[in-house]
Number of protein chains: 2
Amino acid sequence: MPEFQHDGKVYYNPIEFALSHIGGTWKMPILWRLRDKTLRYGELKKDIPHITHKMLTTQLKDLEASGLIHRQVYAAVPPKVEYSITEKGKEALPVVETLIRYGKKLMKEYGIEHP
Amino acid sequence: MPEFQHDGKVYYNPIEFALSHIGGTWKMPILWRLRDKTLRYGELKKDIPHITHKMLTTQLKDLEASGLIHRQVYAAVPPKVEYSITEKGKEALPVVETLIRYGKKLMKEYGIEHP
DNA sequence: CTGAATCCTGTTAGATACTG
DNA sequence: CAGTATCTAACAGGATTCAG
C-alpha cells in the first residue's frame, strides 16, 4: 500500500485518510447531530455537553474546511450561525452509524448501560 | 447522553468508547491484516511498512489487552510470536470495512489513486 | 451569541539504543 | 526475532481572556 499526499500531508492508507476527515473525539458526534437537521452553534454546544467552547469551534471550522458541513451566518444582533450537513458530509454517516453500533455493542458486553 | 466510566477513564458517548478500542492511526490497519489469517510480528511489520517498531509493539499490546487479538508465543530460538484476531476482534471488522470504503471514496473524489 | 487568541498541560508518537 | 527503555518533538485539548 503506497503512500500518497493531500494538502501537504502524507497518508499511508485509506483508513488514515478517512480519519483525518472524521477522526478525533468530536467530529463524528457533531456530524451525527447534524444528520437530519440544522443546528445553531449554541444548540450544538448544549447537545454535546462535555465539549468545550474551543473544541466545538475548531472542529466546526475543520468540518467546514473539508466541506462536510455548511456554515450559514445571519447578519443580526445578536449573531446567529447555523450549521448543516452537506451531501459530502452525508457520505460519512454510514461510518458514524457503524461505529455507534459497535460502541454500543462493546458497552453492552462490558455491562455499561446505553445512554 | 450521560457519561460513563470504564477502566478508570471517563467516556461521553459510544463513539468515543469505540474509538478508545480501535481508534488511532494503526489499530484498524493491524486488525484488517489479521482479519483472515495469523501473522508473525515480522510479517505484520513488513506488511505495514511505515509503522515504527515501537508503534507496532505498543498497538499490538493494546489490542491484546482489550481482547481483540490473541498473542501466541512459541518457545524457540529465535523467538516466534504469532498474532491472530479473536471473535471479539471480528466484531470490529464491519467498522474497519466501512471506514476503508469511505476512505477510498474520499480519495477518489480528490483524484487520488487507490493503493 | 459566536468566535479568535493566548497560554499551559498531558498525551502520542518518532528516533535511538539496549536485552533475552 | 521480538520486545523494552529513554529521550524528545509535535499535537490535542482545556482554561481564560478579549472582540464583533
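These figures come from a predicted structure and were not determined experimentally. Chain identifiers are assigned alphabetically (A, B, ...) following the order of the sequence lines, protein sequences preceding nucleic acid strands; residue numbering begins at 1 within each chain.
Contact check for B:Tyr12 versus A:Ile48: no side-chain heavy atoms found under the 4.5 Å cut-off.
Taking 4.0 angstrom as the limit, B:Tyr83 places a side-chain polar atom (N or O) nearer than this to OP1 or OP2 of D:dG3. In terms of phosphate contacts, B:Arg40 brings no side-chain nitrogen or oxygen within less than 4.0 Å of OP1 or OP2 of D:dC1. Side-chain N/O atoms of B:Arg71 include none lying less than 4.0 angstrom from OP1 or OP2 on D:dA2.
Remark: P of D:dC11 and CD of A:Glu16 are 13 Å apart, rounded to the nearest angstrom. If you measure from atom CE of A:Met55 to atom P of C:dT2, you get 18 Å, rounded to the nearest angstrom. Here C:dT12 presents its P atom at 15 Å from CD1 of B:Ile51, a figure rounded to the nearest Å. Computed from coordinates, the A:Lys45 NZ to C:dG3 P distance equals 13 Å when rounded to whole Å. The distance between atom CG of A:Leu56 and atom C1' of D:dA15, rounded to the nearest whole Å, is 16 Å. Computed from coordinates, the A:Gln72 CD to C:dT2 C1' distance equals 15 Å when rounded to whole Å.
When atom types are taken as modelled, the side chain of A:Ser66 and the backbone of A:His21 share no donor-acceptor pair closer than 3.5 angstrom. Checked by atom type and distance alone, the side chain of A:Asp7 never pairs as donor or acceptor with a backbone atom of A:Lys9 at under 3.5 Å. No donor-acceptor distance shorter than 3.5 angstrom exists from the side chain of A:Glu43 to the backbone of A:Leu39, with no hydrogens or angles considered.
Contact annotation for B:Thr52: backbone-only contact, meaning every heavy-atom pair under 4.0 Å involves sugar-phosphate atoms and none involves a base. A:Thr25 comes within 4.0 angstrom of sugar-phosphate atoms only, judged by non-hydrogen atoms across all strands, and of no base. Counting any heavy atom pair closer than 4.0 Å across all strands shown, B:Tyr74 reaches no nucleic acid atom. Among the heavy atoms of the strands lying under 4.0 Å from B:Lys54 is at least one base atom, whether or not backbone atoms are also near.
What you find for A:Leu44 and A:Arg33 is that their closest heavy atoms are CD2-CB, 4.2 Å.
Atom CH2 of A:Trp32 sits about 13.5 Å away from atom CG of A:Asp47, to the nearest 0.5 Å. Going from atom CG of B:Leu56 over to atom CD1 of B:Ile51 covers 4.5 Å, rounded to the nearest 0.5 Å.
A rotation axis mapping the C1' atoms of four pairs onto the next four is fitted at both ends of the helix from C:dC1-D:dG20 to C:dG20-D:dC1 over five pairs, and the angle between these axes is 40° to 10 degrees.
Of the two residues contacting DNA chain D, namely A:Trp26 and B:Pro79, the nearest-nucleotide position lying further toward the 5' end is that of B:Pro79.
With C:dT2, C:dA17, D:dG13 as the choices, the nucleotide that has an atom nearest any side-chain atom of A:Tyr41 turns out to be C:dT2. Which of D:dG3, C:dA4, C:dG14 sits closest to the side chain of A:Lys61 comes down to C:dA4.
For C:dG3, the base has a donor-acceptor partner in the side chain of A:His53 [N/O atoms by modelled type, under 3.5 angstrom].
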